[in-house]
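Chain identifiers are assigned alphabetically (A, B, ...) following the order of the sequence lines, protein sequences preceding nucleic acid strands; residue numbering begins at 1 within each chain.
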Amino acid sequence: MGLFSDLGAWVLNALQRLGRASLLLLAMLRGFVDMLYRPRLLLEQLYSVGVLTILIIAVAGLFVGMVLGLQGYYILSRFGGETALGLMVAASLVRELGPVLTALLFAGRAGSALTAEIGLMKATEQLSGLEMMAVNPQYRVLAPRFLAGLISVPLLAAMFSVLGVAGGWFVGGGMLGVDQAAFWNGMQDGIDFQDDVINGVIKSIVFGLVCTWIAIFQGYDCVPTSEGVSRATTRTVVHSSLAVLGLDFVLTALMFGE
Amino acid sequence: MVRRPDCRNHSMKMDSKITPSDDILVKIRDLRFSRGSRAIFDGLDLDIPRGGVTAIMGPSGTGKTTLLKLIGGQLRPDGGTIEVDGQDVHKLSTDNLYRLRMRMGMLFQSGALLTDMSVFENVAFPLREHTRLSESMLRKLVLLKLEAVGLRGAQGLMPSELSGGMARRVALARAIALDPMMIMYDEPFTGQDPISMGVLVKLIRELNDAARITSVVVSHDVTETLSIADHAYVISDGKVVEGGTSSQLRESGGEWTRQFVNGLPDGPVPFHYPAAGLAEDLFGGTS
């Protein structure tokens, strides 16, 4: 009986949290209207959520592309197919690695920072203070951060893919002697705008929404103590990473399945 | 035998309604509120008169801060009503509740200053959010509010550069920025050195009189609170134990109030945590 009651309590708790998270999402979506009149709030968050994440995305994208160039060359050259290196690097990045790795890095850098910031605002009564000043924190604090995450992740994923392709080209074309024209032509011929690029963008929008939503909810719903904020920050990274990997499988099956 | 405080039938409880209803700004009736299985308020009745300083005192954990959050509509009661200026707080729509909050200020125990803004911007924040004042007018207003709390010179500092007492004074300047009808103070004296405490005591009284507002001070610092309060309540076990003027409370014959006001270590609130008899514990052979 103990096991069943524990399981029941866990399910009820999870459903309650899901309900609270859904209500928060609706409130933040309503808060988007406010930002039409106050774009400065959004611009500030685009800087802290998006611009400050560029460095880690750029460095990671470059190195992932370089590794893809190396690994791809060693495998393709066994079959004399090294001219397909450009296609392989670009397809891997645009379809999968760009959106997925960007989302994972975003959750680790910006998501954890969002949770900690909002959690600390809750712990130091800043959110309560806003409510008592007749300012809705869901509109004033949370909605700009949410929209900034939603906008930033697809742009960061695009940057990741572009720098990844540059890294692959640098290794393949620059260091290993793959024919440059074959590298770029193979990519141009093989990458389909609709099937590859647009689907990759859709993935990164979904990942951006989920990662930012999880990060903001964990901060807003955390126990307002130092331990509570610490646990919420950890949960943000774990839940976001698992959600991204699970959703990636579902989206890939829907987009590229027969 | 363990003694428990019995404060439910005290004779002075009748004094909790101390003024005619026209002069009452906050009217609380039969308030019930629980956290989990623990009842915080169990039929609390309380009136806060307009225009004065009302103190709500009680030991730690009696729900004083919770009461302020209930008055501000941040928490919903399980039962009973809270009326502020004739409006039932918990029946208001969100828009109307926010409209009412614009007429209420609250000073949080931590100050609750926005840490990414300077002192000036913190005080300007409610004005920027709720008014369309020109920048020069806004600047004048903010400087006047900061002058009122003696911190005009600190306008450029960040919250992390302020002492605890200064942070509360800035928070007070922010709370009065919109010229509210009422200010609620949550433990304003906790953790303050004697000078800061004296400054805060003076400010609360002077701001109340100068701006003709209503002040509600929640505190367990008896001496300081009673020195500025026109009316005071002592609450415990979810109810008002006693209410009246400061001098009435100081001279109270109630055993519980006397223990609280004079800080006596033993009385209705026992010195010893509930336990079995000492002899039984020492020689009973149990650990």
Side-chain angles (χ1 to χ4, degrees), chain A residues 9 12-13 16 20 23-24 26-28 30-31 33-35 37-49 52 113-114 116-145 148 219-220 223-226 228-229, chain B residues 65-66 68-75 84 89 92 94-117 122-132 159-160 164 167-168 170-178 180 182-187 216:
Chain A
L12 282 177
N13 187 37
Q16 279 178 358
R20 289 201 299 274
L23 288 174
L24 181 65
L26 287 176
M28 289 190 295
R30 277 200 300 272
V33 181
D34 255 20
M35 267 174 289
Y37 306 103
R38 313 168 76 181
R40 202 173 63 88
L41 291 179
L42 176 63
L43 290 176
E44 284 171 2
Q45 293 309 317
L46 278 173
Y47 175 77
S48 73
V49 170
L52 295 181
L114 279 174
E117 184 190 17
I118 295 166
L120 281 172
M121 286 182 83
K122 184 178 181 183
T124 53
E125 297 181 306
Q126 292 180 55
L127 298 182
S128 287
L130 287 174
E131 283 178 0
M132 286 308 298
M133 284 188 279
V135 175
N136 189 336
Q138 294 176 339
Y139 295 174
R140 178 65 172 69
V141 176
L142 307 187
R145 285 162 174 77
Y220 194 63
V223 178
T225 60
S226 49
V229 175
Chain B
T65 302
T66 304
L68 293 189
K69 290 192 169 179
L70 284 160
I71 294 172
Q74 290 189 293
L75 294 173
V84 176
V89 173
L92 291 174
T94 307
D95 282 349
N96 285 334
L97 177 61
Y98 274 70
R99 218 161 281 141
L100 179 64
R101 281 181 186 163
M102 285 170 66
R103 298 162 62 210
M104 302 160 97
M106 181 150 170
L107 184 77
F108 287 85
Q109 198 172 344
S110 62
L113 295 177
L114 297 166
T115 47
D116 58 342
M117 292 182 187
N122 262 287
V123 180
F125 183 82
L127 295 166
R128 289 195 200 284
E129 288 291 319
H130 298 302
T131 68
R132 299 257 182 276
S160 58
R168 275 180 218 185
V170 174
L172 182 52
R174 188 177 68 174
I176 58 172
L178 290 172
M182 169 171 93
I183 299 186
M184 297 186 280
Y185 299 87
D186 182 12
E187 300 284 5
V216 183

Quick check on A:Leu120 against chain B: is it the side chain, the backbone, both or neither that has a heavy atom closer than 4.5 Å?
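For A:Leu120, neither part sits under 4.5 Å from chain B.
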[atom1]-[atom2] distance between [X] and [Y], expressed to the nearest 0.5 angstrom:
{"X": "A:Met121", "Y": "B:Thr115", "atom1": "CE", "atom2": "OG1", "value": "6.5 Å"}
{"X": "B:Thr94", "Y": "A:Asn136", "atom1": "OG1", "atom2": "CG", "value": "8.5 Å"}
{"X": "A:Glu117", "Y": "B:Asp116", "atom1": "CD", "atom2": "CG", "value": "7.0 Å"}
{"X": "B:Glu129", "Y": "A:Arg140", "atom1": "CD", "atom2": "CZ", "value": "5.0 Å"}
{"X": "A:Glu131", "Y": "B:Leu97", "atom1": "CD", "atom2": "CG", "value": "9.0 Å"}
{"X": "A:Met132", "Y": "B:Ile71", "atom1": "CE", "atom2": "CD1", "value": "9.0 Å"}

Check the pair B:Phe125, A:Val135 against side chain to side chain contact (heavy atoms under 4.5 Å, CB included), reporting the backbone distance first and the verdict last.
CA-CA 10 Å; B:Phe125 183 82; A:Val135 175; 3.9 Å; yes
Contacting region of B:Leu113 [heavy-atom separation from chain A under 4.5 Å]
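Contact with chain A is through the backbone of B:Leu113 alone.
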Tell me, side chain or backbone of B:Met102 under 4.5 Å from chain A's heavy atoms, or both, or neither?
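It is both, since atoms from each part get that close.
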Output the option from B:Arg101, B:Arg99, B:Met184 having the highest count of non-hydrogen pairs under 4.5 Å with chain A.
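Of the candidates given, the most pairs with chain A belong to B:Arg101.
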On a heavy-atom basis, which atom in A:Gly129 and which in B:Phe108 lie closest, and how many Å separate them?
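Reported closest heavy-atom pair: CA-CE1, 3.4 Å.
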For B:His130 and A:Ala134, work out which heavy atoms get closest and say how close.
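Answer, listing the atom of B:His130 first, then A:Ala134: CE1-O, 3.1 Å.
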Using modelled atom types only, decide if a donor and an acceptor are shared between the side chain of B:Gln74 and the backbone of A:Ser128 within a distance under 3.5 Å.
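Between the backbone of A:Ser128 and the side chain of B:Gln74 there is a qualifying donor-acceptor contact (under 3.5 Å).
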Is it true that a side-chain atom of B:Ser110 and a backbone atom of A:Thr124 form a donor plus acceptor pair closer than 3.5 Å?
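A pair under 3.5 Å: yes.
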Is A:Met133 close to B:Arg174 at the side-chain level, that is, under 4.5 Å between some pair of heavy atoms?
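Contact flag for B:Arg174/A:Met133 side chains = yes.
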